[in-house]
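Scroll down for the structure; my scribbles are underneath it.
Side-chain atoms are counted along with the backbone in the values below, which use heavy atoms only and exclude waters and symmetry mates.
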Amino acid sequence: MVVTILALTLCLSTVALFPVDIYLVSRIMNPLTGLRREWATDEAIAATQLVVRIIYYAAYGLIVSFCFFWIPLAYTFFEEMDENQTTLQRLSAACKYTAIFILIAVTLLITGMFMKPNNNENRDLDWLRKMLVDLEGTGALAFVAGVLSLLGMGVLVCYAAPGLSLLPIHLIGGLKSSSEKMSQTNAELAANRERLNAILNRYPQGTNRQVSERDRHAISELTREELVLDERVRIAQGVRDSWTTRCHWIIRPFEIVIGLAATMLTALLIMSISVTTIDNLSENGCGAPCGYILTRPDLPNPLNTLFLKLSPYFPVDYILMVMVILYLFWATTRGVISIGIRFLWLNLFKFRRAATPPQGLLAATVLLMLSLAGMCYSLTMSVAPDYSMFGSQKYCNHTTSATERDCSDYPALIIPCHIGAPEDLCTPTVTSSFMTKIILGTPAFGIAFYYLQWLFLLMFIFGFVFNMVQGFRHGFGVDLIQEEEEDIDDIEARGMRNAIGSMSADSQRRRALKRGLLIPGGGANYGSIQNSGMGTGPGATPIAHADGTDDVRGAR
């Protein structure tokens, strides 16, 4: 729990760094003149970005330490829990498995040290060539960050894309009625007991009629189903009577407003990613040789344009950027909770309120940490490329001489900074610089990122269609009972313990016990049928009941 809380706190703190980075570079340029402010010398800008870079390195260094050491250590330490092992033995075994993750991190660093940046001298942009020169000293770190970003993009594809389609539906739909669910479950329970009564009435008490194998199996299944339905009714009643359900009407109007805003934000995000991804196919794009960096955009990006339009109204643009980042993080979290931790078709961990396994919490934390790295690429290269790289910086595009610029008579020539702007005027954010270095150093990462963006869009469309179909079939909104509900085996075991502990079974089960049809015990085999007739032969064991009667139980 401590490791999970610290890791999630680190995630949220790191998310807040990106808007601060944009704010710092936006202050460099005077939007009225298109020139740098008086204090914005090269030394002052370098000092400011050095501080931001150190904070970034510290934050992402801690993220790497959690991903490759602390979380694997906590995970394996819990997995080694055994009554016969001491704490020191468990810690020793956990360190042994954690060494594998440390070896992976070291291997990535060594691989990055030996990899050389690609030669992109044929590119006509000074900005890209300057990035390649600066990459020489950070190649190993850039390679490790590229691998983590690639894994993070995979997390966004698998969880953020479905989460973006699911989150607005849940917010607008609200909570499903628990009373309706309880009524449906009660009807199923009544039908179950009616079928069980019909079978038991075929074998009146006092007769020696042999129970058929088919009826034995049917009674066993119906008894098991009855335990599950009993527990579901109890869960539904608890949800209906909880304070969360009773007070939900207070926050319901705000939930609808947030849901509508989330719908608009989702539409803007998907449109922006689609426009940038399609624009990369044009002839003005940098193409595969430099990792699909969009140098001269042709199509208007909705979110990028909105940020630039809002930039004169500080701090509206920064608030919107914080909202976009937190919304992506929220959508990823919703996707992880709804889908669970899966490997192909295998469901490894499910997320339930106050009942999530510790391993599931740690695995989800790793996914959220990796999603931050993937989010950095999406924001800087797809969602709002120009704004994420340069903030609200504007430069004067009119020169009076070889070294002087003056737009006092040409205010229309004060234009937003972009990737093709003069590198001595426009200063990129630390995040965008680092992501560009990763892609230029290893264009294969950029190519993989690009096609993962297409996969992200396809996954969003698939998730949207699936959620809409499920909504029309089963209703929109959040089903609290489904979220609270445990696995069938867990429900059966819990209902079995309640039934055996109270010894006040229903009339159908008591009648079955008196006939020797059921075995009231044996863990998961509760409700199984005796295989030796009516259980009245020699060696039978009497069973005392709460009503004072004695039944007999034969050998299995």
Side-chain angles (χ1 to χ4, degrees), residues 15 18-19 22 149-168 261-282 284-288 291-310 317 320-335 370-390 418-419 429 431-432 435-436 438-439 445-465 467:
V15 164
F18 190 50
I22 295 175
S149 299
L150 194 61
L151 294 175
M153 280 300 301
V155 174
L156 293 182
V157 169
C158 295
Y159 293 105
L164 284 174
S165 63
L166 184 63
L167 186 55
T263 303
M264 295 176 59
L265 195 53
T266 296
L268 286 174
L269 282 169
I270 297 302
M271 289 173 60
S272 299
I273 294 175
S274 303
V275 166
T276 306
T277 307
I278 295 172
D279 207 2
N280 263 309
L281 298 176
S282 64
N284 290 331
C286 187
Y292 287 102
I293 295 178
L294 188 59
T295 55
R296 296 183 181 88
D298 290 334
L299 302 177
N301 185 312
L303 263 180
N304 192 75
T305 304
L306 180 60
F307 278 118
L308 295 177
K309 293 291 185 182
L310 293 176
D317 53 336
L320 181 59
M321 176 57 73
V322 173
M323 289 174 57
V324 169
I325 295 174
L326 292 179
Y327 182 66
L328 280 172
F329 195 78
W330 188 11
T332 307
T333 306
R334 170 53 60 182
L370 291 176
S371 70
L372 291 179
M375 205 180 298
C376 288
Y377 171 82
S378 291
L379 290 172
T380 55
M381 298 296 170
S382 297
V383 175
D386 293 337
Y387 184 81
S388 298
M389 286 187 179
F390 302 102
H418 52 87
I419 198 171
T429 59
T431 306
S432 64
M435 289 305 303
T436 307
I438 292 173
I439 296 173
F445 283 142
I447 297 172
F449 289 147
Y450 176 72
Y451 287 107
L452 281 173
Q453 292 288 74
W454 282 110
L455 190 58
F456 180 92
L457 296 174
L458 292 176
M459 186 62 72
F460 170 80
I461 295 173
F462 173 77
F464 179 77
V465 173
N467 290 324

S165: partners by side chain to side chain donor-acceptor pair (under 3.5 Å), with sequence neighbours left out | N467
Applying side chain to side chain contact (heavy atoms under 4.5 Å, CB included) to L268 and not counting sequence neighbours gives P302, L303, L306
Keeping to residues at least two apart or across chains, list the side chain to side chain donor-acceptor pair (under 3.5 Å) pairs with something in residues 320-333.
-> T266-Y327
Pairing residues for T429 by the side chain to side chain donor-acceptor pair (under 3.5 Å) criterion, not counting sequence neighbours | S432
Who are the side chain to side chain contact (heavy atoms under 4.5 Å, CB included) partners of A384, not counting sequence neighbours?
-> N304, F307, Y387, S388
How would you list, by chain and number, every residue that makes a ring-ring contact (aromatic ring centres under 6.0 Å, His included) with F456, sequence neighbours excluded?
-> none
With sequence neighbours excluded, what pairs up with L326 under the side chain to side chain contact (heavy atoms under 4.5 Å, CB included) test?
-> V15, V322
Listed by chain and number, what are the side chain to side chain contact (heavy atoms under 4.5 Å, CB included) partners of F462, not counting sequence neighbours?
-> M459
Qualifying residues under side chain to side chain donor-acceptor pair (under 3.5 Å), relative to S378, sequence neighbours excluded | none
Return the set of residues passing ring-ring contact (aromatic ring centres under 6.0 Å, His included) with Y159 (not counting sequence neighbours), or none when no residue passes.
-> none
Find out whether L150 and L452 are in side-chain contact, i.e. whether some heavy atom of one side chain is under 4.5 Å from a heavy atom of the other.
-> yes
Residues forming a side chain to side chain donor-acceptor pair (under 3.5 Å) with Y450, sequence neighbours excluded | W454
S382 and Q453: side-chain donor and acceptor closer than 3.5 Å?
-> yes
Under the ring-ring contact (aromatic ring centres under 6.0 Å, His included) rule, collect the residues that match up with F18, sequence neighbours excluded.
-> none
